[in-house]
Amino acid sequence: MIRSRIIATGSYAPPKVLTNFDLEKMVETTDEWIISRSGIRERRIVETNVCTSDLGTQAALRALNAAGLSPEDLDFIITGTNSPDMSFPCTGCFIQAKIGAKKAAAFDVSAGCTSFIHALSLADKFIKEDPSRKVMVLGAEIMSKVTDWTDRATCVLFGDGAGAIILVGEEGERGVLSTHLHSDGSLWELLYMPGGGSANPSSHETVDKRMHYIKMAGNQLFKVAVRALADVSQEALKFNGLKNEDIDIMIPHQANTRIVEAMAKMINFPMEKIFLNIDKYGNTSSATIPIAMDEVQREGKVKAGDLMLLCSFGTGVTWGSAVIRW
């Protein structure tokens, strides 16, 4: 059987660190409160003149270097993002131009924090259609530019960063075993940014009303997220005839440590098999999973043949999972 196998990973986070102690000076909060509610200790924040494609470009170049490939070897660049450089053109096209991937078709996927898994699912389909293809999948975000730094409920959560993987077609058991995608648009008001689109075009009024920043109903979203992650993880296991003990490592969306802990308890999945790095990066939206995948690869926490379970949820609301044999 031909599978789409990950042959390289890469990630990039901006050098500027914003700690919880820094936030104590900006809004009414404390390091202890942030850690107890989210598990976050610090996050990376871009400088003013940096855009999302800049972060994606760095992650892309690192993945290409790890794969020993030239940018012109790529057939597709699929970028998951909710914080694009511009409304159009797509951020993927900016990344394509910056790395010199002249042959690659580039486009973006916008499905909240689940965007990376959606992009991975598309890449898997493209490769199964033509196993000669080489596909780069990215999650790239600058959440700091859509965060309301006066809203203590949300400003403590988000950070900036990008991650990338490269997939190729290969016979055998290693690669993407399945992906599972879901959404419920009736819950959109749990997490959204109202300004800037066709519903509320940019104007003095939308700026004055702070409509170009993230709005979140945290308590309701927490409950939906826990159930969604639990259900989609079990769906992936059942589809592949697997049990918890068969999984070597789970990488969930890094939104909140308490959400992950509640999900793990609900499905009786051991926390020691779950990789978390939210304490260092915060919630980088669609970039959390590919950044984590690069970290576990570089740190030797995953080896050939290991089974990896990915799961995520996000605005939309959307949720999804994937099972990969490394």
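No experiment lies behind these values; they were computed from the predicted model shown.
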* Asked: Is there any side chain to side chain donor-acceptor pair (under 3.5 Å) pair reaching into residues 238-249, and which pairs are they, with sequence neighbours excluded?
  ->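 Sorted result for residues 238-249: Ser178-Asn240.
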* Asked: Among pairs that include at least one residue of residues 51-75, which meet side chain to side chain donor-acceptor pair (under 3.5 Å), considering only residues two or more places apart or in two chains?
  ->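 The answer is Ser53-Asp85, Ser53-Lys98, Asp54-Lys98.
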* Asked: Does Thr257 have any side-chain contact (heavy atoms from CB on, under 4.5 Å) partners at least two apart in sequence or in another chain, and if so, which?
  ->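 If we apply the side-chain contact (heavy atoms from CB on, under 4.5 Å) test to Thr257, skipping adjacent residues, the hits are Glu261, Leu276, Ile278.
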Nearest 0.5 Å, what's the [atom1]-[atom2] distance between [X] and [Y]?
X: Glu32; Y: Thr30; atom1: CD; atom2: OG1; result: 5.5 Å
X: Leu307; Y: Arg325; atom1: CG; atom2: CZ; result: 4.0 Å
X: Asp294; Y: Glu299; atom1: CG; atom2: CD; result: 9.0 Å
X: Cys311; Y: Ile274; atom1: SG; atom2: CD1; result: 7.5 Å

* Counterpart residues, side chain to side chain donor-acceptor pair (under 3.5 Å), relative to Thr179 (two or more places apart) ->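 Applying side chain to side chain donor-acceptor pair (under 3.5 Å) to Thr179 gives Ser121.
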* Would you please name every residue forming a side chain to side chain donor-acceptor pair (under 3.5 Å) with Glu205, sequence neighbours left out? =>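 In terms of side chain to side chain donor-acceptor pair (under 3.5 Å), with neighbours along the sequence ignored, Glu205 is linked to Lys209.
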* Asked: Does the side chain of His253 pick up a donor-acceptor pair with the side chain of Thr114 at under 3.5 Å?
  ->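 No - no donor-acceptor pair under 3.5 Å links their side chains.
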* Enumerate the residue pairs fulfilling ring pair (Phe, Tyr, Trp, His ring centres under 6.0 Å) with a member in residues 28-84, sequence neighbours excluded, ordered by first and then second residue. =>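 Checked against ring pair (Phe, Tyr, Trp, His ring centres under 6.0 Å) - neighbours excluded - the pairs reaching residues 28-84 are Phe76-Phe126.
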* Asked: Under the criterion side-chain contact (heavy atoms from CB on, under 4.5 Å), which of Asp124, Val176, Leu177 is the partner of Arg3?
  ->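 Result for side-chain contact (heavy atoms from CB on, under 4.5 Å) with Arg3: Leu177.
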* Applying side-chain contact (heavy atoms from CB on, under 4.5 Å) between Pro14 and each of Glu47, Arg44, Arg43, report the one that passes. =>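 One option only clears the test, and that one is Arg44.
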